[in-house]
There are 2 protein chains.
Amino acid sequence: MTEQQRRPTLMDVAHAAGVSRALVSIVMRGAPGAAESTRQKVLGAARELGYRPDSRARLLRSSRTRLLGLSFFSAHAFHAEIVDAAYAAATSRGYELALSAVASGRPETRAIESLLDFGSAALIMISPTLSHEELAGYAGQVPVVSLLRNDVGAAVDSVSSDDHAGIRMAVDHLTGLGHRRIVHVDGGTAVSADPRRAAFRAEMDRHGLAARIIPGGPTEEDGMSAARSLRADLPSAVIAFNDRCALGVIESLRAGGLKVPDDVSVLGYDDSQFARLSYLQLSSVSQDAPLLAAAAVDRAVDRIEGTQTPAHVVRTPHLVVRKTTAAPRPS
Amino acid sequence: MTEQQRRPTLMDVAHAAGVSRALVSIVMRGAPGAAESTRQKVLGAARELGYRPDSRARLLRSSRTRLLGLSFFSAHAFHAEIVDAAYAAATSRGYELALSAVASGRPETRAIESLLDFGSAALIMISPTLSHEELAGYAGQVPVVSLLRNDVGAAVDSVSSDDHAGIRMAVDHLTGLGHRRIVHVDGGTAVSADPRRAAFRAEMDRHGLAARIIPGGPTEEDGMSAARSLRADLPSAVIAFNDRCALGVIESLRAGGLKVPDDVSVLGYDDSQFARLSYLQLSSVSQDAPLLAAAAVDRAVDRIEGTQTPAHVVRTPHLVVRKTTAAPRPS
DNA sequence: TGGTGGGACTAGAACGATCTAGAAACCCGA
DNA sequence: TCGGGTTTCTAGATCGTTCTAGTCCCACCA
């Protein structure tokens with residue numbers, strides 16, 4: 001029924017416009033060296049035929065490929081926000097984006113090799129879990145930018161958020177409100193859990209307060225079980241590893257009959273989409289996904305086009321105070 | 001510092017193994033026509049050099065491309081679950097997956113054309129918003145499978161979940177518990193909002209009950225505002241358009257001092273990841289993402305490999321009863 | 001002994017674009 | 001009218017594969 005028909009090629013357009021393939025190529029990629037009149041003629045013929053350049057062939061031939069490979073974790077909602085922003089950043093610099101997800105049963109190396117096989121001119125990896133050696137291996141083939149993780153060795157670029165500054169803001173905010181008994185529910189083995197944990201310890205120390213840390217993780221469930229072990233000795237404020245963890249903490253506290261922020265203040269991290277939901281109104285440390293994504297794309301493009309050496313960009317996050325943090329109840 | 005080095009090609013492997021390119025090609029794609037001994041020799045040389053076939057070239061040359069294009073919405077968490085499952089399904093049938101997201105400022109047509117430009121042999125679109133004509137246009141180039149939407153015209157395949165059956169289960173479940181005053185918070189203009197609304201009307205009718213429908217939408221905010229307009233005349237149960245909407249309804253009810261399910265039962269749709277969270281325990285109609293994804297991939301591959309005509313696969317969802325639905329409070 | 005059939009292998013043309021080098025056309029002043 | 005420089009255009013090689021159409025060799029059988 002539906003006859004699968006061949007899509008038009010450069011050749012077809014050239015034929016229709018009565019010029020050579022090479023000239024059509026010049027016109028299509030907006031290169032200099034074509035008269036305005038023929039340019040219009042070719043463009044017209046292309047539109048007429050519904051011609052779209054074939055990126056396989058284009059990528060294959062040209063060494064400068066204008067293709068960025070982006071790997072992300074399908075299970076992390078925050079990554080989706082970055083993907084979204086990365087598209088905008090990439091197109092504004094005239095690049096295409098190839099996506100590859102790390103999913104269940106699909107390890108990160110597989111995701112990355114697939115991007116490489118498609119001819120990505122650079123790789124952007126969101127919170128990569130690979131070792132320095134593995135990263136360096138890929139960096140030997142194309143520029144690699146690590147996003148949200150800065151401990152990546154000398155061979156790769158990184159764009160990350162200053163975890164220490166973020167935690168400092170969180171601690172300052174809470175102590176400023178009058179909190180003394182603050183707990184950090186950490187991220188367990190998740191990427192950037194270590195620096196945040198260390199920063200929390202240092203900042204509490206700086207304030208002359210005891211740094212109490214409860215093992216947690218990046219999901220709601222982790223937050224819930226962490227909060228359960230809080231009951232015995234209730235703090236006045238909690239800094240969670242991320243928003244999802246914070247949500248788990250809040251729900252667990254609520255289930256125990258406690259009010260947020262009246263009884264306990266809770267602070268998240270990421271300022272993800274759902275932190276902004278009207279019923280949650282979660283106070284959170286914002287890493288600003290669009291800015292991070294843009295920085296990573298810029299970094300990748302600069303490395304492709306220039307001959308700069310790897311660098312580590314660190315952005316300072318900012319605090320977004322909403323409704324889950326308040327002054328502690330006078331005891 | 002990091003010397004960007006050219007990756008090995010067929011030529012290099014051929015040279016190392018002392019055979020022709022063509023033979024290496026034969027060995028690499030496991031085609032018949034090579035002696036076992038040379039096969040091992042070639043494989044050894046390839047491993048030695050770290051050779052990986054270049055999919056750009058491979059895709060360009062072969063008409064049978066083994067590449068499925070998948071478009072999804074970066075803002076829909078449920079789509080991420082399908083993406084995850086689709087990878088597994090695709091690899092098990094020996095296909096690669098190319099991803100393209102519909103993001104803010106990146107319309108669906110752009111996402112799809114990019115998949116086409118990469119040489120996808122078929123397209124799987126998750127809840128496409130295109131018109132029948134546009135879909136048919138793409139179907140003229142490659143097989144197209146619509147996922148989660150079945151009203152797509154004759155030219156494209158569809159794999160969807162039986163919305164009517166899902167709503168029937170929901171209504172039967174609630175009436176079985178003794179509910180009579182049931183409200184549907186609909187999905188507004190979202191894909192599959194219409195069939196669910198119609199099904200609700202029909203099923204309530206069948207039970208001889210009044211079908212009350214409140215305008216809603218696919219997000220938590222939609223659920224919240226819908227629930228607010230419920231206060232005046234409180235139903236005993238709510239069937240929400242999806243899980244996120246259900247969550248908004250629940251939070252709004254809670255904020256009004258009502259208990260779920262004691263005062264009002266709430267049922268979601270999708271059985272997404274977070275419906276399963278221990279603090280939510282949302283009763284929901286499950287569309288079973290892995291099964292849907294597998295069915296879509298199967299359909300696409302069958303169409304590529306065989307010469308079958310488009311078909312519409314409808315899967316029956318099932319009800320997952322958790323903790324947000326219960327018998328109504330005796331009035 | 002001489003076909004013949006088939007397995008193992010290869011040369012060279014494709015795929016659809018870009019790139020390089022050079023030809024043709026044009027413009028302008030001497 | 002002609003030379004020289006610029007602009008416009010084109011032929012042909014090339015990217016790394018797959019595919020087609022062979023060649024070569026050897027075993028088998030009449």
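Residue numbers start from 1 in every chain, and the chains themselves are labelled A, B, ... in the order their sequence lines are given, proteins ahead of strands.
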Could you give the [atom1]-to-[atom2] distance, from [X] to [N], as a whole number of Å?
| X | N | atom1 | atom2 | result |
| --- | --- | --- | --- | --- |
| L23(B) | dT18(D) | CG | P | 12 Å |
| R66(B) | dT18(D) | CZ | P | 12 Å |
| M11(B) | dG12(C) | CE | C1' | 12 Å |
| L59(B) | dC15(D) | CG | C1' | 15 Å |
| L116(B) | dG16(C) | CG | C1' | 15 Å |
| Y51(B) | dG16(D) | OH | C1' | 7 Å |
| H15(A) | dT10(D) | NE2 | P | 13 Å |
| L10(A) | dC15(D) | CG | C1' | 15 Å |

Quiz prompt | Which residue lies more 5' along DNA chain C, comparing V19(B) with L60(B) via nearest heavy atoms | solution = V19(B)

Practice problem: Please state whether the phosphate of dC9(C), meaning OP1 or OP2, lies under 4.0 angstrom from any side-chain nitrogen or oxygen of S20(B). | Solution: no

Quiz item: So, is T38(B) near the phosphate of dC9(C), with a side-chain N or O under 4.0 Å from OP1 or OP2?
Solution: yes

hbond_proxy [X] side chain to [N] base (donor-acceptor, 3.5 Å cutoff):
| X | N | answer |
| --- | --- | --- |
| R29(B) | dT18(D) | no |
| R61(B) | dG16(C) | no |
| R7(B) | dG16(D) | no |

When you get a sec, tell me which of [options] is the closest nucleotide to the side chain of [X]?
| X | options | value |
| --- | --- | --- |
| D54(B) | dC9(D), dT10(C), dT17(D) | dT17(D) |
| S62(B) | dA17(C), dT10(D), dT18(D) | dT18(D) |
| A57(B) | dG16(D), dT18(D), dT10(C) | dG16(D) |

So what does [X] hit on the nucleic acid, given a heavy-atom distance under 4.0 Å: a base, only sugar-phosphate, or nothing?
| X | answer |
| --- | --- |
| R21(A) | base |
| A34(B) | sugar-phosphate |
| A35(B) | sugar-phosphate |

[X] side-chain N/O to [Y] backbone N/O, donor-acceptor pair under 3.5 Å:
| X | Y | result |
| --- | --- | --- |
| H79(B) | F73(B) | yes |
| E81(A) | S272(A) | no |
| R93(A) | Y95(A) | no |

Quiz item: Would you say the side chains of S25(A) and R29(A) form a donor-acceptor pair under 3.5 Å?
Solution: yes

Practice problem: Would you kindly say whether S100(A) and R106(A) are connected by a side-chain donor-acceptor distance under 3.5 Å? | Solution: yes

